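Notes follow once the structure below has been shown.
As the structure is a computational prediction, the values presented were derived from the model and not from experiment. Here is the naming used below: chain letters follow the sequence lines, and residue numbers restart at 1 for every chain.
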Amino acid sequence: MSDWKKAVPLISLASAALALALFNALEWVHLMPGVQAAKEAAIVDSAFGNVIFITVIIFSVVVAAILYMVVFFRAGPGQEEGARFDASPGKMVEVVWLAASCVLTFGLAAYGSEEFLHLRHDSRADLDVQVKAAQWSWEFFYPSQNVNAAELILPLGKRARISITSEDVVHSFWVPAFRLKQDALPGRVTTLYVTPTVKGEYDVVCAELCGLDHSVMRGKVLVVDPEEFEGKLKGEAW
Amino acid sequence: MKLLTAVVAFAAVTGAGVWALQGPIGQEAAVLVSYLAGFLSFLWLVGGGAAFLDWLHGRHTDHHAGGPAGFNLDHKVIGIQYIAVSMLVLAVSGLMALIMRAELARPGIQFLSHDNYNAVMTMHGIGMVVVALTAIVGGLGNYVVPITIGAKDMAFPRLNALSLWILPPAVLMLLAALALGGMDTGWTAYPPLATRGGVGKMFFLLAFVTVGFSSIFGGVNTLTTILTMRAKGMTLRRLPIFAWSMFSAGVIMVMATSVVAASLIMSVSDRAFGTTFFNAAGGGTALLYQHLFWFYSHPAVYIMILPAFGVILEILPVFCRKPLFGYNFAAASFVGIVALSFVVWAHHTFTSGMWDLLKIPFMVLTEMISIPTGVVFLSALGTMWAGRMRLRAPMLWALGFLCHFLVGGLTGIFLADVPTDIHLHDTLFVVAHFHFTIVGGTIFSFFAGFYYWYPKMFGRMADETLAKAHFWLFSVGFNTIFLPLFYVGTQGGPRRTADYPPEFARPEMIASVGAALAGLATLVFFYNALRSLWAGAPAGPNPWQAKTLEWTVSSPPPAENFASAPQVTDAPYDYGVVDAAA
């Protein structure tokens, strides 16, 4: 067991250093888009942060252990053999490892389920918008106002129900600033709920390969003050 | 010569058929019929005809009648042929990747049209899927499995040759489709996009179905061989771990591949006969295809990765001079992965429009895959612990596998987790994750296994310095491509686009530089693999002092592998100092 006396502190130290470096690097590159423009985006970002936290730690511990072994368990110039230690301590390690990975996995899954339910929990909405995708453009229709628009206009702080369909092939309606995405299927209506929290202009991106001009199938979302909403909508109408 | 005749006949029959029939029965149906005719002519002429007649008349077929480039029945020859085919496809598909990265080096359109970009991207995808499905399973698996379990050959040598020789027509069809410029769907071929547009897509679908059949035949053969052909004393508890992994992959190949074949044939039928399985206007549903497709194609990634685990766990004991740690747990975890692999497919459709609450069980089941996968990592780390590590080329690639596949596995959690997947689905984050699992996993493992069994296959050592140069160049290049793509994906960069907004210019440029490095590394690999055939140092039967059965015979092994039937009395990984204090 003499190996462990040196290994445990060294591997702990190395993994802590590695994890710190990675957290700082990830902070520096800023993985998620700068604007968090909807209530839903905040939930997704918090879930993302949790998974980053756990995965960076697992990565650091495993890589630190591998590095330790590469440095300290190298064969010399002779053809030495390693030691066998499979019997009793081995079984213990297996059981502990298995238990730990079960706890982590089910913990993550439970957490993810809760956040997901939080994201999709109720079907009430202040506003209805219908989105129609076609090769290679987006079209928006407001049924209660009976208005067609080329841009998606949403009032700040109001929960919108967005019903999505496609005229031809499968597309995918994605607003990175909202962190939300929903496929547009021909012959079916799919829905998405969003509550914008920051005024501004954001991209609508098609995320599902839809043929020739897929890469340039982009649209715009405008989040405006509720007072301006009706007027803005009239202005965009066509 | 036979091969050339067969290729010419294939092109002639298929081409003439399409030309003559497209008037009377329509272009799509003409392609289907002509391809079947061309496919059969190819098989017959390449040597399958003679083997079939022998079988029909109950005659014995000389296993080596086909020679090194023909319809040979020796599993060792077939294994090497598989490697040759898959490396050819790797070269072509790799070239496609380089063309894509060149186009993507700067925002805007450089030299490809949007259409050509989509075609190149699709060819890269399906080509590399073929490589990942065949390089280890068909190549190393065919070569190693029978010898390592002490058998003379595979259970069904003719079927084995057949599963190899139906690949070339599929590859030719893919190349023809590319020449016709007509497949812009990505390798997943989602309808309605796949059921509309040019005839090239029909070529693509037919080629894909063909690859599926090859895989089903290979799976049946592997299962039967491992179950019935083991040497005396080779109990399941003594089965080398690579054979365990091939057995597990075989189960998936047999059970899942037929489903993707069915969904592709439904697409073919929508195109050729006007059925409406996936056409909403005719009462069908596009989403059905996605579910059928992923019911196979998610397990398919385990066809790619289980044998990769097997290769790595096979190599680690040899180069760490210790028994494989947790052999039983590792074998059990393979079986666990097989079971779970069938019930996770819907994580590919979290944003497609499935019932919301159903996403939760699929999320939980998907994340459960990390439990058996973690056990495989434990086996690897436990084997290395307190070992006497020899950092030769195969070991280096095995370490590379562990580090890169770790990233692939951990980034998979972001895509299994529904809240994060809603943002990350269909982005370059997925592309980067997938490449970390399949390149970081399957391809790194293939190279580890290739350098490990190279002396066995060819009797000579691959050049160690070049193999290490290959490793470092490829690792650096690979990370330089895909780490920036994680970033672009989270920032809002969708996958499969010929163009992107200018704010991604820097990471995309870095990725393109990485692609050049990875391409260079692959040239080093091809140079080494070919040159060492005659310039390598003679290997002798057991250059790594390994203990599985393939190392007890000469390199390359004699025609029927063993002079007399081997008898197994020990576990396969009896390395190390007995009773040493640990």
Would you mind checking which part of A:Phe106 comes under 4.5 Å of any heavy atom in chain B, side chain (CB onward), backbone (N, CA, C, O), both or neither? side chain

Most contact-rich option vs chain A, by heavy-atom pairs under 4.5 angstrom, among B:Thr427, B:Ile371, B:Asp499, B:Ile369, is B:Ile371

A:Phe116 vs B:Lys359, side chain to side chain contact (heavy atoms under 4.5 Å, CB included): CA-CA, chis, key distance, verdict: CA-CA 9 Å; A:Phe116 172 61; B:Lys359 292 173 189 169; 3.7 Å; yes

Toward chain A, the part of B:Met368 with a non-hydrogen atom under 4.5 Å: both

Relative to chain B, which of A:Ile164, A:Val29, A:Leu31, A:Val44 shows the most heavy atom pairs under 4.5 Å? A:Leu31

Toward chain B, the part of A:Asp213 with a non-hydrogen atom under 4.5 Å: both

Enclosure of A:Phe72 CZ (heavy-atom neighbours >12, cutoff 6.0 Å): yes

Look only at the side chain of B:Thr497 and the backbone of A:Ser215, and say whether a donor-acceptor pair between them is shorter than 3.5 Å. no

For chain A, the option from B:Val375, B:Thr411, B:Thr420, B:Leu193 that forms the most heavy-atom pairs under 4.5 Å: B:Leu193

Where on A:Asp168 is there a heavy atom nearer than 4.5 Å to chain B: the side chain, the backbone, both, or neither? both

Indicate yes or no for a side-chain donor-acceptor contact from A:Ser113 to the backbone of B:Ile360 under 3.5 Å, with no hydrogens or angles considered. no

Side chain to side chain contact (heavy atoms under 4.5 Å, CB included) evaluation trace for B:Leu424 with A:Lys181: CA-CA 9 Å; B:Leu424 296 173; A:Lys181 181 183 293 119; 5.7 Å; no

Side chain / backbone / both / neither for B:Met121 at chain A, heavy atoms under 4.5 Å: side chain

Side chain / backbone / both / neither for A:Val205 at chain B, heavy atoms under 4.5 Å: side chain

Taking side chain as everything from C-beta outward and backbone as N, CA, C, O, which of these in A:Val70 sits under 4.5 Å from a heavy atom of chain B? Side chain, backbone, both or neither. both

Nearest atoms (heavy-atom pairs only) where B:Arg196 meets A:Gln135: NH1-OE1, 4.3 Å

Side chain / backbone / both / neither for A:Glu40 at chain B, heavy atoms under 4.5 Å: neither

Taking atom OG of B:Ser333 and atom CG of A:Leu98, what is their separation to the nearest 0.5 Å? 9.5 Å

Among A:Cys206, A:Gly34, A:Pro186, which residue has the highest count of heavy-atom pairs closer than 4.5 Å to chain B? A:Pro186

Under 3.5 Å donor-acceptor, A:Arg179 side chain and B:Pro419 backbone: no

Candidate pair B:Asp426 and A:Trp174, rule side chain to side chain contact (heavy atoms under 4.5 Å, CB included), full reasoning: CA-CA 10 Å; B:Asp426 270 325; A:Trp174 180 30; over 6 Å; no

Nearest heavy-atom approach of A:Arg188 to B:Gly353 is NH2-O, 3.0 Å

Given that the side chain runs from C-beta out, which part of B:Pro372 has a heavy atom under 4.5 Å from chain A: side chain, backbone, both or neither? neither

Best-contacting candidate, B:Phe414, B:Tyr190, B:Tyr117, against chain A by heavy atom pairs under 4.5 angstrom: B:Phe414

Among the options B:Asp417, B:Asp356, B:Ile413, B:Val488, pick out the one with the most heavy-atom pairs lying under 4.5 Å from chain A. B:Asp356

B:Ser352 and A:Leu185 have their tightest heavy-atom pair at O-CD1, 3.1 Å

If you count heavy-atom pairs within less than 4.5 Å of chain A, which of B:Thr185, B:Leu357, B:Thr349 leads? B:Thr185

Segment of B:Ala286 engaging chain A (4.5 angstrom heavy-atom cut-off): side chain

Given a strict heavy-atom distance threshold of 4.5 Å, which part of A:Ile52 is in contact with chain B: side chain, backbone, both, or neither? both

Under 3.5 Å, is there a donor-acceptor pair between the side chain of B:Glu367 and the main chain of A:Ala109? yes

Output for pair (B:Gln491 CD, A:Met32 CE), nearest 0.5 Å, gives 9.0 Å

Let's test your reading of the structure: which of A:Ile66, A:Val63, A:Val189 forms the most heavy-atom pairs below 4.5 Å with chain B? A:Ile66

Using a cut-off of under 4.5 Å on heavy-atom pairs, state which of B:Leu287, B:Asp421, B:Leu402, B:Thr188 scores highest against chain A. B:Leu287

Most chain B-contacting option - heavy-atom pairs closer than 4.5 Å, from A:Pro176, A:Ser101, A:Pro33: A:Pro33

Over 12 non-hydrogen atoms of neighbours within 6.0 angstrom of CD in B:Glu503: yes

Could you check whether any side-chain heavy atom of A:Leu180 comes within less than 4.5 Å of a side-chain heavy atom of B:His423, counting everything from C-beta outward? no

Contacting region of B:Phe329 [heavy-atom separation from chain A under 4.5 Å]: side chain

Between chain B and each of A:Ile43, A:Val51, A:Thr190, A:Val170, count heavy-atom pairs under 4.5 Å; write down the option with the most. A:Val51

With rounding to the nearest 0.5 Å, note down the distance linking CE in B:Met389 to CZ in A:Arg74. 8.0 Å

How far does OG of B:Ser379 sit from CH2 of A:Trp97, to the nearest 0.5 angstrom? 10.0 Å

Is it the side chain or the backbone of A:Thr55 that comes within 4.5 Å of chain B heavy atoms, both, or neither? both

What verdict does the side chain to side chain contact (heavy atoms under 4.5 Å, CB included) test give for B:Leu378 and A:Glu94, after you've listed the backbone C-alpha separation in whole Å, the side-chain angles of each residue and the deciding distance to 0.1 Å? CA-CA 8 Å; B:Leu378 177 67; A:Glu94 279 168 345; 3.7 Å; yes

